[in-house]
Amino acid sequence: MKRVLKSVLCLALVAAFVASFAGCAKINYVTNKTIQGINEVKAGTWKDGGAEAGAEGTEGGETATADENVIGGELTPGTYGGIEFKDLNDVAAYYKEAYDYTKTLTAQYKNADGGTETFYKLLGEDDLTVEKILVDGKENKTISNLVPGIMGGLFSKQVNGLPPAKNRNPELDKDDEGQDFRVSYITGDDLLAATVVDNGDGTITITMQPKLTEMSVPGKDAQGHVFSTLGDIGSTVASISVVSFAQGDYKDNIKVTYKGGTAVVKINTSTKEIVEAEYTEMAYVDVTHANITVIRDKSASLTIKYWQKFPCSAEYMKEQKGITPA
């Protein structure tokens, strides 16, 4: 029974986390999906042979919170592609110029109905994975095998503008408070590390790693100036009726640490247009004292990897959103 409860906990929490990350407003759907998962576990109809498959699992370590350089180097001051970079302030300033200019560029696209719409010229594709799932500090193979099925029903792939972005339509690219994401808010103080490479073809590649941030909000902090971060995941989890906490509330028991993510951006130095980019965002989620139906006072942790690549392929664009370049 203990093994079954661990599996139920994971199902519920992963469903909530992925829904929050994907900006899902269909809380009832998430709740129903969670309850469906709970019933499948109790009935023994879940994947890979039930609670005995890989049952004991392995011990797992706690989520590290140290901010470490994952780029593998520091900025070497110098001139790259005719642009001088003395420090991280110069890197952030140049990226901001390129970001702001690139988001002024639009293109015409045909939608699935044959109409024409105006979106950003540079659009990207995305993907999300959940890794390193621990329940009460232990990793269990069976729990890990359940995750893809939950994610498949909750994460909706997007075609979007450069992060942080709320919409591929420039006129709608702002948050609920009206903050405009057609411009970047990055500063040198946001960066833990960065490098610049001259590609020898009129472009340079900037690699940036923003500083560790807890509970990041898009456009509001170091991680949120580079990535489309989760925002208030805690309140989303708290809004799911089957989730409560043995002590404290969601603010006390849900922690999301962002660290180790990178943005790799290729820029045409003659125009300051971003021509290619890849954003890899890492979020480490820890939940303590969780109650879910009959489960009492359990902890869980997992790692979310969110990936975006620009430009978006025409095939991906058509498959996901039914739009094609006009």
Side-chain angles (χ1 to χ4, degrees), residues 67-107 109 119-127 158-165 168 170 173 181-211 222-229 258-282 305-317 325:
D67 205 359
E68 301 174 348
N69 184 340
V70 302
I71 290 176
E74 300 286 350
L75 175 69
T76 300
T79 300
Y80 300 85
I83 311 298
E84 183 180 11
F85 294 92
K86 300 184 296 296
D87 53 30
L88 295 179
N89 291 321
D90 289 342
V91 174
Y94 193 78
Y95 173 73
K96 174 177 168 53
E97 284 187 68
Y99 178 103
D100 292 358
Y101 172 68
T102 303
K103 278 203 160 180
T104 67
L105 305 177
T106 60
Y109 297 86
F119 299 140
Y120 287 120
K121 176 184 175 182
L122 185 63
L123 296 176
E125 55 193 78
D126 66 357
D127 200 5
Q158 299 293 320
V159 177
N160 220 333
L162 290 167
R168 56 184 173 270
D173 195 8
F181 292 131
R182 291 174 295 184
V183 297
S184 174
Y185 301 92
I186 193 171
T187 69
D189 192 51
D190 292 330
L191 300 180
L192 177 70
T195 61
V196 184
V197 174
D198 185 344
N199 298 317
D201 60 359
T203 68
I204 61 173
T205 297
I206 292 175
T207 301
M208 303 180 296
Q209 180 186 344
K211 293 177 181 177
Q223 292 278 329
H225 289 163
V226 178
F227 302 122
S228 295
T229 53
Y258 297 82
K259 65 164 192 165
T262 58
V264 182
V265 183
K266 182 184 285 188
I267 303 169
N268 182 325
T269 55
S270 65
T271 62
K272 293 187 179 178
E273 179 181 356
I274 296 174
V275 293
E276 293 179 12
E278 187 168 330
Y279 297 83
T280 304
E281 175 184 344
M282 303 298 296
K305 180 179 179 180
Y306 182 53
W307 173 87
Q308 292 178 281
K309 181 181 178 181
F310 297 79
C312 178
S313 70
E315 293 77 14
Y316 179 97
M317 193 181 304

Taking the side chain as every heavy atom from C-beta outward, state whether Asp190 and Val226 have any pair of such atoms under 4.5 Å apart.
-> no

Gap between atom OH of Tyr120 and atom CG of Leu162 - 0.5 Å precision = 8.5 Å

Okay, side chain of [X], backbone of [Y]: is any donor-acceptor separation there less than 3.5 Å?
X      : Y      : answer
Gln308 : Gly124 : no
Gln223 : Lys211 : yes
Lys103 : Val183 : no
Asp87  : Asp90  : yes
Arg168 : Val159 : yes

Across all chains, not counting sequence neighbours, the ring-ring contact (aromatic ring centres under 6.0 Å, His included) partners of Tyr185 are none

Partners passing side chain to side chain contact (heavy atoms under 4.5 Å, CB included) against Thr203 (at least two apart in sequence or in another chain) |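 Partners of Thr203 under the side chain to side chain contact (heavy atoms under 4.5 Å, CB included) test: Asn199, Asp201, Lys266.
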
For the rings on Tyr94 and Phe85, is their centre-to-centre separation under 6.0 Å?
->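 Here the rings of Phe85 and Tyr94 have centres that are less than 6.0 Å from each other.
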
Passes salt bridge (charged side-chain N to carboxylate O under 4.0 Å, His left out), Asp100 versus Lys272? Steps please.
-> CA-CA 9 Å; Asp100 292 358; Lys272 293 187 179 178; over 6 Å; no

Does NZ in Lys96 sit with more than 12 non-hydrogen atoms of other residues, nucleotides or ligands closer than 6.0 Å?
-> yes

